[in-house]
Amino acid sequence: MNKIISIRDAFGRAIADEGKKNKKILAISIDLKGACKLSYFFKDFPNRSFEVGIAEANAIGIATGLSFDGFRPFVASFGSFLTGKNTEIRNSICYNNASVVVVGTHCGLIGSDGATQSALQDLSIMRSMPYFEVFQPCTPLDTKEIIKYVCKSKKPTYLRIARNEIPEFLNKNYKFKIGIPNEIIKGKKKLIISSGAMVYNCLKAIKELKKSNYGLLNISSIKPLNIKSLISKLKNYNKVITVEDHSVEGGLGSIISEVIAENNLNIKLKNHGLKNGFIDSDIPDNLEKEYSMDVKSLKKIFLNF
């Protein structure tokens, strides 16, 4: 049996692997290379790795400048810290359409690090940034596939990376397709849509319900999103529930709401996510229970809608 690893660990290993193939890839740490798993890249490529200290705005400026010389810099920190520098991201990266990858780790229900460290509004910020592509992997394999794409791309990119340890549940032949939602389970009446670490909880909840009327759709490509492909999936259901470890304002649920409204789809929708506020400090299992993201709570939500 393969060892279960976290999505952030899968990210760190994947960027180090891609660094062997592409000498233009650089890593920029903001005093958190261990927590963000840039340590793999730093170890293998010390001459292409930069530690700037606790200076997010400076890191963004350095990454932008390096991109002008043809490099593909990955600048990583906790998502709450990096996306908090939205002015620098907007005016340095976006305005110049710079080839920078912003990596936000510790997103969602992260555990004891607590409220200030947990990114809960990052998707709503980054999907509004001009020219940016936004991705959120749900498993180690999904992470590896997305990193392959991102390393070849020259577009400004935001990666939302969870610290959750997720067993690999995708088919070993899975290939990431930009913009295309990945149908994990084909159902009949109710479609569950999720992204990132919560996809696994949704999968477990559906399996425990043992009912064939639930479908499961993973959206790793938050932006761009192929609307035609998404609608083709939505039309097969009369009820849709979105599940996300992010604010209900501006995240995955908002995206699905927009698509349903703008295309006059006759679908009843429930958005399940984090409400206005911050999370507590606790172990992830307890936080999932507190915010109704655990399997037991999700089963009730799926059944009662």
Side-chain angles (χ1 to χ4, degrees), residues 1-10 107-111 118 120 136-143 160-174 181-220 222 230 233-248 251-253 255-257 260 267-275 279-280 282-305:
M1 182 180 292
N2 293 331
K3 180 182 177 182
I4 298 174
I5 64 172
S6 66
I7 293 179
R8 63 171 172 163
D9 202 64
C107 302
L109 306 177
I110 62 173
S118 177
L120 306 179
Q136 179 173 215
C138 68
T139 75
L141 178 57
D142 199 18
T143 305
R160 187 177 203 252
I161 302 295
R163 67 179 295 184
N164 306 57
E165 293 183 351
I166 304 292
E168 187 56 62
F169 57 82
L170 295 176
N171 185 284
K172 64 179 181 180
N173 297 318
Y174 166 80
N182 177 30
E183 188 173 48
I184 296 173
I185 299 175
K186 188 171 184 179
K188 297 176 181 178
K189 296 180 180 179
K190 295 180 184 179
L191 177 63
I192 314 303
I193 303 178
S194 191
S195 181
M198 292 300 102
V199 176
Y200 180 60
N201 285 15
C202 292
L203 177 62
K204 288 197 293 183
I206 291 172
K207 286 186 175 181
E208 288 188 15
L209 287 171
K210 298 179 180 179
K211 293 188 178 182
S212 61
N213 58 322
Y214 292 97
L216 178 59
L217 196 66
N218 166 46
I219 297 184
S220 296
I222 303 292
L230 175 60
K233 306 296 184 187
L234 292 174
K235 283 185 173 180
N236 296 322
Y237 300 87
N238 52 38
K239 291 184 178 181
V240 170
I241 304 170
T242 64
V243 177
E244 58 185 321
D245 56 356
H246 182 277
S247 169
V248 292
L252 178 65
I255 295 171
I256 303 303
S257 299
I260 290 174
I267 295 173
K268 188 176 181 181
L269 174 68
K270 177 180 179 60
N271 291 332
H272 179 58
L274 300 170
K275 308 301 180 184
I279 65 167
D280 294 326
D282 205 337
I283 63 172
D285 284 350
N286 288 345
L287 289 174
E288 288 180 3
K289 292 175 184 175
E290 182 177 351
Y291 298 100
S292 299
M293 295 288 175
D294 62 303
V295 173
K296 184 178 179 181
S297 298
L298 290 176
K299 285 163 62 177
K300 290 181 180 179
I301 291 169
F302 297 170
L303 280 170
N304 295 331
F305 179 65

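Heavy atoms only: backbone and side chains are in, while hydrogens, waters and symmetry mates are out.
In this structure, L209 CG and L298 CG are separated by 9.5 Å, a value rounded to the nearest 0.5 Å. Atom CD1 in I267 sits 12.5 Å away from atom NZ in K239 (nearest 0.5 Å). With values rounded to the nearest 0.5 angstrom, E165 atom CD is found 10.5 Å from I7 atom CD1. Residue N173 holds its CG atom at 5.0 Å from CG of N171, rounded to the nearest 0.5 Å. With values rounded to the nearest 0.5 angstrom, E244 atom CD is found 8.0 Å from I255 atom CD1. Rounded to the nearest 0.5 angstrom, L141 CG and I166 CD1 are separated by 13.5 Å.
Listed by chain and number, the residues in a side-chain hydrogen bond (donor to acceptor under 3.5 Å, both in side chains) with S212 amount to none (sequence neighbours excluded). Not counting sequence neighbours, E168 has no partner by the salt bridge (charged side-chain N to carboxylate O under 4.0 Å, His left out) test. Take N238 and apply the side-chain hydrogen bond (donor to acceptor under 3.5 Å, both in side chains) test, not counting sequence neighbours, and it matches no residue. Under the side-chain contact (heavy atoms from CB on, under 4.5 Å) criterion, E290 pairs with D280, L287, sequence neighbours left out.
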Requested in this report: Could you walk me through whether Y174 and N182 pass the side chain to side chain contact (heavy atoms under 4.5 Å, CB included) test, one step at a time?
Outcome: CA-CA 10 Å; Y174 166 80; N182 177 30; 3.7 Å; yes
Report task. Start with the C-alpha gap between I222 and R160, add the side-chain angles, then the distance that decides, and say whether side chain to side chain contact (heavy atoms under 4.5 Å, CB included) holds. Result -> CA-CA 10 Å; I222 303 292; R160 187 177 203 252; over 6 Å; no
Report task. Step by step, work out the side chain to side chain contact (heavy atoms under 4.5 Å, CB included) result for Y291 and L274. Result -> CA-CA 7 Å; Y291 298 100; L274 300 170; 3.8 Å; yes
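Side-chain contact between I161 and P137: present, with at least one pair of heavy atoms (C-beta onward) separated by less than 4.5 Å. Counting heavy atoms from C-beta on, the side chains of L217 and L230 come closer than 4.5 Å. With a 4.5 Å cut-off on side-chain heavy atoms, D142 and N218 count as touching. A heavy-atom distance below 4.5 Å is found between the side chains of I4 and P167.
Counting all heavy atoms, side chain and backbone alike, N271 lies closest to K275 at O-NZ, 4.3 Å. Nearest heavy-atom pair, I184 versus F169, reported as atom, atom and distance to 0.1 Å: CD1-CE1, 3.7 Å. When all heavy atoms of S257 and L269 are compared, the pair lying nearest together is OG-CD2, 3.2 Å. Between V240 and L234, the shortest heavy-atom contact is CG2-CD2, 3.9 Å.
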Using residues 186-206 as the side-chain source, report each donor-acceptor pair under 3.5 Å to any protein atom, sequence neighbours left out, with the distance given to one decimal.
{"from": "K190", "atom 1": "NZ", "to": "F302", "atom 2": "O", "distance (Å)": "2.7"}
{"from": "K190", "atom 1": "NZ", "to": "L303", "atom 2": "O", "distance (Å)": "3.4"}
{"from": "K190", "atom 1": "NZ", "to": "F305", "atom 2": "O", "distance (Å)": "2.5"}
{"from": "S194", "atom 1": "OG", "to": "V243", "atom 2": "O", "distance (Å)": "2.7"}
{"from": "S195", "atom 1": "OG", "to": "Q136", "atom 2": "NE2", "distance (Å)": "2.8"}
{"from": "S195", "atom 1": "OG", "to": "I219", "atom 2": "O", "distance (Å)": "2.7"}
{"from": "N201", "atom 1": "ND2", "to": "E288", "atom 2": "OE1", "distance (Å)": "3.1"}
{"from": "N201", "atom 1": "ND2", "to": "M293", "atom 2": "O", "distance (Å)": "2.9"}

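A donor-acceptor pair is defined here as one N or O able to donate and one able to accept, closer than 3.5 Å; no such pair exists between the side chain of H272 and the backbone of T242.
For residues 292-305, the side-chain hydrogen bond (donor to acceptor under 3.5 Å, both in side chains) pairs, not counting sequence neighbours, are E208-K299, D294-S297.
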